[in-house]
Protein chains: 2
Amino acid sequence: MDSAVARERALDAAEDLFYGRGVQAVGMDAVRTASGLSLKRLYQLFPAKEHLVEAYLDRRDERWRGRLAAHVAGHADPRRRLLAVFDWLEGWFAEPGFRGCAWINAYGELGATAPGVAERVRAHKEAFRDYLAGLVADAGLPAALTGPLFLLAEGAMVTAGVTRSSAPAAEAREAARLLLGSAA
Amino acid sequence: MDSAVARERALDAAEDLFYGRGVQAVGMDAVRTASGLSLKRLYQLFPAKEHLVEAYLDRRDERWRGRLAAHVAGHADPRRRLLAVFDWLEGWFAEPGFRGCAWINAYGELGATAPGVAERVRAHKEAFRDYLAGLVADAGLPAALTGPLFLLAEGAMVTAGVTRSSAPAAEAREAARLLLGSAA
DNA sequence: CCAGTCGGAGAACGATCGTTCTCCAGTGTC
DNA sequence: GACACTGGAGAACGATCGTTCTCCGACTGG
């Protein structure tokens, strides 16, 4: 089997399991079984579990931000694009198997002990914040609005994860609408 | 030694370690050493690690909400009391050893596998939200403001934890001020 | 002073997990 | 057909961890 294909299979299995149950609750044996790869192959591709975890976060980061950007790109009006971020969050929260933000979860689990994970969480959150900042600038809104919008989104992710509900997205969107209005 | 005293010592050690390094990264041996208790005594007080973890969350919940309420009670004006929540968060974020919200971290670590932990996280967040709802009502503000304020606070906790900065509290407070103003 | 009990220190046990190793079937080459 | 090689299945190893057990010193009541 092509090693690129094997890598994707490993990451598919790892993502399902790590995201669904937590990193530490999933052994390499479970990844082996779920991926259909041999342990030997798995360790050829990722010399240690830590590498697999980091690759999981990296690939998910790319996909997550890509999906968000693709959804937002479907709207033309710059102010509408900002609100579309919260629409997308709502859809994400409602997906089966949603279990909160993978990075916040990973940070709670490994942030204190795995520097590679902590660094990726910071990078992911910073990238998301920068993305929001770009949308704010494109809408001609004051840059100071970025922080609050980012905090609303983060709060919605956490709350949706803990309560297993997509309602926080709508709350956050309404608050965002108010903030945008007050800055008009 | 009085068993009530021993219990407090165990919880003091557990809180330091669990909060600072994560629950799974801390073995019962570390709690034993840090508390100065014997393993036998520890298991008499808490028949399993799970019990200790839950007791840690319970005691911290009581203290956390108590400290917040005490700070807020120092302000008379009902609208000022709402903003005082964010002042208090800022002070908390700046404390040495701050490492984010203990419940969000615990949820990321154990939410999927430990129902007792997940339940406590939900209860804690719901209690905090209810507390905010009370402040909103006392200020004669529309109840719909509770959600956004709660999300801002949650977002600030997560972001402060990940970035190791207390700045998110000020951002959240400014956003809250705007929301309060727009609802005046 | 002594039998009995309690609690402390830490060794021991059993399970789990990350990682490596062994064995072997299948394959391509001469 | 013999041989070297690759990769798979899963046993094995070493470490860690939650939990229990053993041993021993210290204290109590007579």
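Below, all heavy atoms of this structure are taken into account, side chains as well, without hydrogens, waters or symmetry copies. Just so we're on the same page: letters track the sequence lines, and every chain starts at 1.
- A donor-acceptor pair is defined here as one N or O able to donate and one able to accept, closer than 3.5 Å; such a pair exists between the side chain of A:Y107 and the backbone of B:G161.
- The side-chain hydrogen bond (donor to acceptor under 3.5 Å, both in side chains) pairs that include a residue from residues 134-160 of chain B are B:K125-B:E154, where partners are two or more places apart or lie in different chains.
- Between A:D2 atom CG and D:dG7 atom P the separation is 12 Å, expressed in whole Å.
- Evaluated for a salt bridge (charged side-chain N to carboxylate O under 4.0 Å, His left out) with B:D61, the options B:R63, B:R59, B:R65 yield exactly one hit, B:R65.
- Residue pairs meeting the ring pair (Phe, Tyr, Trp, His ring centres under 6.0 Å) criterion with at least one member in residues 12-52 of chain B, sequence neighbours excluded, are B:F18-B:Y56.
- Put simply, CZ on A:R41 is 11 Å from P on D:dA9, counting in whole angstrom units.
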Solution key, residues 126-137 of chain B side-chain donor-acceptor pairs under 3.5 Å, sequence neighbours excluded:
{"from": "B:R129", "atom 1": "NH2", "to": "A:E171", "atom 2": "OE1", "distance (Å)": "3.2"}
{"from": "B:R129", "atom 1": "NH2", "to": "A:E171", "atom 2": "OE2", "distance (Å)": "2.6"}

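- End-to-end axis angle of the helix from C:dC1-D:dG30 to C:dC30-D:dG1, from C1' rotation axes over five pairs per end: 10° (rounded to 10 degrees).
- Following rounding to the nearest Å, A:L37 (CG) and D:dG7 (P) show an atom-to-atom distance of 12 Å.
- Between B:R32 and A:F46, the residue whose closest nucleotide on DNA chain C is further toward the 5' end is B:R32.
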Show me the side-chain donor-acceptor pairs of residues 20-34 of chain B shorter than 3.5 Å, one per line, residues at least two apart or across chains.
{"from": "B:D29", "atom 1": "OD1", "to": "B:R32", "atom 2": "NH2", "distance (Å)": "3.3"}
{"from": "B:T33", "atom 1": "OG1", "to": "B:D29", "atom 2": "O", "distance (Å)": "3.0"}

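- Taking the six-membered ring for Trp and thresholds of 30 and 60 degrees, B:H124 and B:W64 have ring planes more than 60 degrees apart, a perpendicular arrangement.
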(request) Give the B/S/- string for nucleotides 15-22 of chain D, one per nucleotide from 5' to 3', where a protein heavy atom under 4.0 Å of the base yields B, of only the sugar-phosphate yields S, and otherwise -. (result) ---SBB-B

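- A salt bridge is absent between B:E119 and B:R122; no separation between the charged side-chain nitrogens and carboxylate oxygens falls under 4.0 Å.
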